[in-house]
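One-based numbering, in listed order, for ligands and for the atoms of each.
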Amino acid sequence: MIRIILIGYMGAGKTTIGRQLAMTLGLQFYDLDWYIEMRYHKKVSEIFAEEGEEHFRDLERRMLHEVAEFEDVVISCGGGTPCFFDNMDYMNQQAETIYLKIEPEVLAMHLKMGRTVRPLILGKSEDELLQYIKDSLVVREPYYMKAKHILDVSLMDNFEKIAITINLIRERLGL
Ligand code: S3P
């Protein structure tokens with residue numbers, strides 16, 4: 001049985017890498033945000049706006065406990081998932097956890113280009129975004145660093161680099 005969970009900041013490429021990794025290994029792919037949206041028939045941004053972050057974190061924890069029971073899966077979680085409750089310890093118990101580590105400048109670039117509506121960074125200017133990423137990484141990185149595997153993927157922004165990252169993960173996990 002294989003279960004892999006990808007963690008990392010918003011814009012780290014968890015979904016892109018996760019989907020591709022699952023396809024390569026013949027596993028099912030789950031994105032925790034999408035799973036929440038499917039179960040609750042609401043966008044993550046709507047849950048934040050209508051019910052607040054605290055409520056979202058509660059749902060997120062409960063949904064994590066559902067998907068992290070599935071077998072032969074790759075799961076990408078939200079950027080904040082590891083940083084609330086005992087989620088990170090739980091994920092380490094359940095899966096091979098991989099932290100996709102990226103420089104703040106590269107994250108900012110990915111987030112600027114991204115089409116996903118992300119409530120935590122909505123309406124921020126470029127400077128504000130970079131500062132926000134740096135500040136929140138100080139708080140979040142200690143959680144992320146608890147992952148069983150840490151992979152520096154700062155350079156991952158095209159298909160070749162995605163393929164390289166997938167190979168690195170396979171090597172690391174012996175798959
Ligand atoms: C969040 C990241 C988002 C989503 C929500 C909160 C965070 O997921 O769960 O907007 O706290 O970093 P992505 O990392 O997939 O953008």
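- Counting heavy-atom neighbours within 6.0 Å of K148 NZ, excluding the residue itself, gives a total above 12.
- When N87, T97, D86 are each tested for a side-chain hydrogen bond (donor to acceptor under 3.5 Å, both in side chains) with N92, only one passes: T97.
- Looking at E53 against ligand 1, nothing comes within 4.0 Å, counting heavy atoms.
- Side chains of Q131 and D135: a donor-acceptor N/O pair is present below 3.5 angstrom, by distance only.
- Classified by interplanar angle (parallel below 30°, tilted 30° to 60°, perpendicular above 60°), the ring pair F70/Y30 is tilted.
- Using a cut-off of 4.0 Å between Lys/Arg side-chain N and Asp/Glu carboxylate O, R39 and E66 are scored as salt-bridged.
- Within ligand 1, counting atoms from 1 as listed, the ones closer than 4.0 Å to a heavy atom of R57 are 6 (C), 7 (C), 11 (O).
- Where the criterion is an N or O separation shorter than 3.5 Å, residue side chain and backbone included, K14 meets it with respect to ligand 1.
- Heavy-atom proximity to P119, at under 4.0 Å, picks out these atoms of ligand 1: 10 (O).
- Here M10 has heavy atoms under 4.0 Å from ligand 1 in both its backbone and its side chain.
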Discussion item. Between E141 and Y99, does the side chain to side chain donor-acceptor pair (under 3.5 Å) criterion hold? Intermediate values first, please.
Written reply: CA-CA 10 Å; E141 204 147 46; Y99 171 30; 2.5 Å; yes

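- Shown in contact with G78 at under 4.0 Å from a heavy atom are these atoms of ligand 1, numbered in order with element: 8 (O), 9 (O), 14 (O).
- For atom 5 (C) of ligand 1, the candidate residues are T81, L122, V44, D31; the nearest heavy-atom contact is made by V44.
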Item to complete: Test E51 against K42 for salt bridge (charged side-chain N to carboxylate O under 4.0 Å, His left out), laying out the working first.
Response: CA-CA 11 Å; E51 282 142 282; K42 253 187 198 183; 3.0 Å; yes

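- Looking at ligand 1, you'll find an N or O of R118 within less than 3.5 Å of one of its N or O atoms.
- In the vicinity of R140, heavy-atom distances shorter than 4.0 Å reach the ligand 1 atoms 7 (C), 11 (O), 12 (O).
- Looking at L120 against ligand 1, only its side chain comes within 4.0 Å, counting heavy atoms.
- Among all non-hydrogen protein atoms, the one lying nearest atom 4 (C) of ligand 1 is D33 OD2, 3.2 Å.
- In summary, K146 and D89 engage in a salt bridge, as defined by a charged side-chain N under 4.0 Å from a carboxylate O.
- Residue contact check: G79 has heavy atoms under 4.0 Å from atoms 2 (C), 7 (C), 8 (O), 12 (O), 13 (P), 14 (O) of ligand 1.
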